[in-house]
Each structure stands twice: as structure tokens, then as C-alpha cells.
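Here the structure comes first, spelled out in C-alpha cells, and everything after it is commentary.
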2 protein chains.
Amino acid sequence: MDDKSEERGGGLEPLNSTDRRVRADAQRNSKALLEAAMAVFAASGVDAPVREIADKAGVGVGTLYRHFPQRSDLIVAVFRNEVDACANAASAIAAEYQPGPALARWMQRYVDFIAAKRGLAAAFSSGDPAYESLPLYFLEKLRPALQTLLDAATEAGDVRSDVDAKELLFAIARLCSPDHYGGGPDQARRMVGLLVDGLRYCAPSVGSDV
Amino acid sequence: MDDKSEERGGGLEPLNSTDRRVRADAQRNSKALLEAAMAVFAASGVDAPVREIADKAGVGVGTLYRHFPQRSDLIVAVFRNEVDACANAASAIAAEYQPGPALARWMQRYVDFIAAKRGLAAAFSSGDPAYESLPLYFLEKLRPALQTLLDAATEAGDVRSDVDAKELLFAIARLCSPDHYGGGPDQARRMVGLLVDGLRYCAPSVGSDV
DNA sequence: TGATAAACGGAACAATGTTCCGTATAAAAC
DNA sequence: GTTTTATACGGAACATTGTTCCGTTTATCA
């Protein structure tokens, strides 16, 4: 490995190809843009003007485009960021609650995530190749997270063992999907609650074990 | 009733509030715009530029906006037009085929309609109030059409009797929905075929009647 | 402290939805 | 057939975006 010079800071700043550290303001602005975009998308949907995001982040549009060359790059970044947050929430919740309640809490967390992503569903199926990688990322991050919770709950005897994490993720996403021609987010919440109860139904601690 | 003057033509030109006939060129252009929009939407999706539609119809954008004040008005008009066509196809098919085959044929016709409306599904759930009326129109037109075919097929003993037209419409629409994360239109077609077979399953003429 | 490459900001450009208004014309009145 | 008039037409002009460009600023390094 080729070492060039000792590092000053905490050592977590990535290096550029010509050995120059990434500038601090660039890191700051990138983070600010991501947070601003998250807030604006949540408030006005993914079709919100780019200038609004740049303004909210306190930078010019040029800076925005330097960090996210296409509008879709920003959308993808926000999405991945929120997928990560949702996945990370799993271990945090697992550390704080018993397996059964942890599973139920995380499922509601996941519902919130899905419900907030209304606009993205359209982007997914828009055919734009920029979003092609998202479904895979979604699955690769969230499936293990749910599987872990599921395994723990199964082992604790809180839920049945014959459910597949992937199917559960999709089933919930479908329950939350808006084209039910009526019935808002409350209905989705109720249906998911029902689903969770269903998970408990044949669990050993309830009775009727196989 | 207040009669004003005898009519010249076939008598099917609508009258204006001040008793003036709707100009022939206006009727022509309106129709041309609708057809152009249908073709352009099919080719390039509902996000196609309005100028492209106006050009294809051979009129100026001003004329387009005279007939369809908002972009969404044009989309709505095209959608209703195609819903009508799909609903009308039911009676045409019913006149030409036996009840059982007629049902199967119309279902595939309906699949084509749904598959072509990918872009509109996004518009439906976009929250834009301009599209609020579409689901109702969809249901009010298509449900009776399917119900008629279904009743005829039931009476002929070709299909079972315990299926609801509305549920069937939605089930097919869902089977055709793109967010299956893989599996194209062929899969949708196969699934709908399976559904139709399912309809036949407990029909009297097959056997096991209730 | 000075040199330098990276990053910044926002004006300028391009594409598109929408409005406006002078002109053309179909229908009616005579 | 001519005149009148309300209607419709066309497309330039405007507004709102996404995106690019480049002169200026600045963090980093020697």
C-alpha cells in the first residue's frame, strides 16, 4: 500500500485520486443537500423544484449539480439513505424490545417508510434506468433486517415459523399501495396490524403448535 | 320546450347557450386532437409535450388549450374515451361469440387496455384532483360491461356464479400492475389466463356443481 | 504565506406548460 | 350574395422548470 502523508483529523475523510483530501465544505454541502432534499421531498413530493432544495441547503444550484449530476441521483441518494435508516432501525429496536414487540414496532416503522414513498413508486415503474438499482438495494438491505427480527421472534416462540421475509415485505408494500380506489393510510395500518396478528396466530406460545 | 329554428344537418350538432351552432371546424379539431393525443400518449407516454400533440393534430397550441384548458383535461378525455371503447367492445364481442369465449376474449381486451395505461396509474395516485373522477368512471363503465358478459356465461353454464365483477376487474388490474419487481406483460397475461380458467372450474357444465 | 486544484454560485440556456391577442372564418341575418 | 358577428384559430410571448458553464472563492498543501 502506498502511504503519502499522515492524516490530521479523525482519519475518516476519504482521499481523492490525486491524494488530496475531500474538502470539508464539500462534505458539509453534500450532507446539507441530502437533508434538504429529504425534507423537501417529504413536504412536496419528488417533483419539487431543484432550486428549492438548493435554497433550503443554502447552496447554489451549481453546487447541487456538482454533487448530484442528475436530478435522479438526488432522488436515488435520498431513497438509499432512508432504506438504510429503516434497516438500521431494526437493530436499534431489537436492542430495546423483546423479540415479539420488536418485530411489531419495526413493521410499523416500515409502514411509515413505505407510506412516505408514494412518489417513488411511480419513479420505480417509470422505466427510467436511473432507478433500476433501487428494488435490488431495497431488498438486499431490508430483507436481512426483517429476517433477523423474524428469527428472533420465532425462536422466542412469539410468531410462527412459516413466513418468508421477502414475501412479507412485498405484502406490506402492496397493502400500503394507494391504488385501492379508496381507503387511506389508516386502512393500510389496520391491514398490516392484521398481518402481524396473523403472524402470531400459530406461534408455539399461543397454543396449537405444529 | 323552447324551439328556435329548424336544423339544417342531421340534427346532432349540439347548440350553444346563445343558440349558435358549434362550428364545424371546432368539432373537427377537437376530434383530431383527441386522436392525436391517443396516438402520442401510446407512443411516448402521458408526459409527451403538448406541442407534439398539437402538431400531430395539425393545429396550434392555442387551439389545443381552447378545447382542453389543462393538460390533465386531455389526459382525462383520452382515458374516458378508451374506457368507453373497452366497454363498448363487450357488446360487440358478445354479439359475435358464445358466452364463454366472449368472456375470455373480452378479458384479454381488458388486459390490453390496462397494460397500455401504465403511465396513467401514476397519475391516478398522484393526488392531483383532476384525476379524482377517473376511478369512478372506470368502475361505472366497465363493471356493467363485465357483469353482462359474466351473467351470460353463468347462464350458459360456462362459468361459476360466485364471482364479483368489481373484484375481478381489480384483480386483473393488480395482476397487470408493474411493481412485481420482475416479470413482464407475458406473466400478467398468463396469470389472467389462469384466472379465467379458475372461473370455469366450478361451472355446471364441467361437473361438480353446488 | 503563496500556489493550486477543488468547489462554489448564479447567470444563462433549453425544454416545456400556459396565456394572450390579433387575425381568420363559419354561421347567421339581411 | 353581402354584411355582421360571435367563435375559433395560430403562434408568439411568458413562466417554470431541469441543466450547463464559467468566473470567482476557498480549503488544502508545501
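In what follows, chains are A, B, ... by sequence order, proteins preceding strands, each numbered from 1. Computed from a prediction, not measured in an experiment: that's the story for all the values here.
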Whole-Å distance separating the [atom1] atom of [X] from the [atom2] atom of [N]:
X     : N      : atom1 : atom2 : value
B/R21 : D/dA8  : CZ    : P     : 14 Å
A/L64 : C/dA7  : CG    : P     : 15 Å
B/D25 : D/dA8  : CG    : P     : 8 Å
B/D73 : C/dG17 : CG    : C1'   : 13 Å
B/R51 : D/dG10 : CZ    : P     : 15 Å
A/R28 : D/dT25 : CZ    : P     : 18 Å
B/I75 : C/dG17 : CD1   : C1'   : 12 Å
A/D55 : D/dT17 : CG    : P     : 12 Å

From the list [options], which nucleotide is the closest neighbour of the side chain of [X]?
X     : options               : value
B/A24 : D/dA8, D/dA27, C/dA26 : C/dA26
B/A26 : C/dA7, D/dC9, D/dG18  : D/dC9
B/V61 : D/dG11, D/dG18, C/dC8 : D/dG11
A/V59 : C/dA26, D/dC9, C/dG9  : C/dG9
B/P49 : C/dC8, D/dT20, C/dG17 : C/dG17

| said: How about CZ on B/R109, more than 12 heavy atoms from neighbouring residues, nucleotides or ligands closer than 6.0 Å, or not? | reply: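 Check passes, neighbour count above 12.
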
| message | More than 12 heavy atoms of other residues, nucleotides or ligands under 6.0 Å from CD of A/Q98: yes or no? | response | no

Just N and O in the side chain of [X]: are any of them under 4.0 Å from OP1 or OP2 of [N]?
X     : N      : value
A/Y65 : D/dT19 : yes
A/Q70 : D/dG18 : no
A/R23 : C/dA7  : no
A/H67 : C/dA7  : no
B/T63 : D/dA8  : no
A/R71 : D/dG18 : yes
A/N29 : C/dA7  : no

| said: In the structure I gave you, are the side-chain heavy atoms of B/P49 and B/E52 within less than 4.5 Å of one another anywhere? | reply: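 SC-SC contact between B/P49 and B/E52 confirmed.
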
| Residue pair B/F41 / B/F79, side-chain heavy-atom distance below 4.5 Å | no

| message | So which atom in A/L33 and which in A/H67 form the shortest heavy-atom distance, rounded to 0.1 Å? | response | CD1-CD2, 4.0 Å

